Every structure is written in C-alpha cells, then in structure tokens.
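For reference, the structure is listed below as structure tokens.
Bear in mind the structure is a predicted one, so any value in this text is a computation, not a measurement. Order of the sequence lines sets the chain letters (A, B, ...), proteins ahead of strands, with each chain counted from 1.
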Number of protein chains: 2
Amino acid sequence: MLKVIAQDFIRPEAVEIVRPLYDELVRLTRAEPLCLSYDLFVDQKDPGHFIFIETWPDRAALDAHCATEHFRRLVPRINAHQRQDGTFILMDEFPG
Amino acid sequence: MLKVIAQDFIRPEAVEIVRPLYDELVRLTRAEPLCLSYDLFVDQKDPGHFIFIETWPDRAALDAHCATEHFRRLVPRINAHQRQDGTFILMDEFPG
C-alpha cells in the first residue's frame, strides 16, 4: 500500500478559478479502478495551500493515475496558478 | 472534522530508538475516545521522516489529545532525537 501527500500552493486570487478544476480531478480520480482513496484538504491558515491525501495499491497504480487523460488535462491548468512548485511525499506504513 | 498532518524529522542514528515510542503513541492515541484516525507513515526517501495523518472531530479533541499523559510523556522523548523541528498542518475538507 502506497500513501501519498501532494501539496499545491495556489495564488490567492486564483483559488476560485482552481476550485472547479480540483472538483473534477477528485471526481474522476476517485472513479479510477485502482484508486483506494483520494481526498483533498485546505490548510486552515492558508486558503491557497491544497493538500491531497491519496492511497494507491502500489507505485504502478500511482503512475497510471498520472497518465490518465483527466490528470494530464487538469493538473497543468491548476499548476498555471501556482505561486510555488508543488511537493509530494511517497510513504510506506510505519512498520510498528 | 479536523484533519492533521504532523511531520517529525529524526536523526538517522535514532530511528530504532524512537520506533517503540511511536508504537506506544499510536496504540494509546487510537484508544482515545475522540480519536477518529491516527496513522503513521515513513517517507520512502528518508527513513527519519515520520508523517502522522490524523482525524479528529474538532480542535478541542486535538487539544485534549495533546494534553494526555501518553502525549506529554512520549512526545518529548521522541523530540529529543529530532534533527529539526517538526511541522504540523491543520486542515479542513475541500468544500468542493
């Protein structure tokens, strides 16, 4: 199981522009057969700081997500409004 | 609903020392009556980078967690092995 945190930093004046793009990205990604979870959150201290928390069975499934039509169409449209580069962390469950 | 990402950065030589402390923290926190989820992950690129993904009903529940005996006992013992300050993000669900 692969957990992902992906963070986007959007210019304040563009938050309302990206909202429907995120809506569509979340809706279409959740419909991918290999998507285990795909949830989007907003930093309480920064309305332009968007945080995805994702769960995929493995790296291949994440790569397949990044190759989908909706990802390749919507992510560049969102990124056009970034104030800084996004970040992502790929994580394993704590072995305990 | 309040979502939290808390990140710790532990010195490489201390990862095995903090492991049982994290084990105990996760076990006791999940037993808190107000804890909705409390999951710990490790950055695939950095074995000293630990990431908690937490869900609480509200800020009061998170504050109560931070006031528990186990939090106040274990977190300073973990933090003694930090290589840099931890970070946390408090988040709301994307309104969609």
Proximity breakdown for Glu24(B) and chain A, heavy-atom pairs closer than 4.5 Å: neither

Joint hydrophobic cluster, Leu28(A) plus Leu21(A), side-chain heavy atoms closer than 4.5 Å: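 No, Leu28(A) does not connect to Leu21(A) through the hydrophobic network.
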
ILVMFWY network linking Phe94(B) to Ile5(A), side-chain heavy atoms under 4.5 angstrom: no

Within 6.0 Å of CZ in Arg30(A), more than 12 heavy atoms from elsewhere: yes

Contact residues of residues 31-55 of chain A (partner chain B; heavy-atom separation under 4.5 angstrom):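 Residues in range: Leu40(A), Phe41(A), Val42(A), Asp43(A), Gln44(A), His49(A), Phe50(A), Ile51(A), Ile53(A).
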
Proximal to chain A - members of residues 73-91 of chain B, heavy-atom separation under 4.5 Å: Ile89(B), Leu90(B), Met91(B)

Other ILVMFWY residues reachable from Phe9(A) by side-chain steps of under 4.5 Å: none

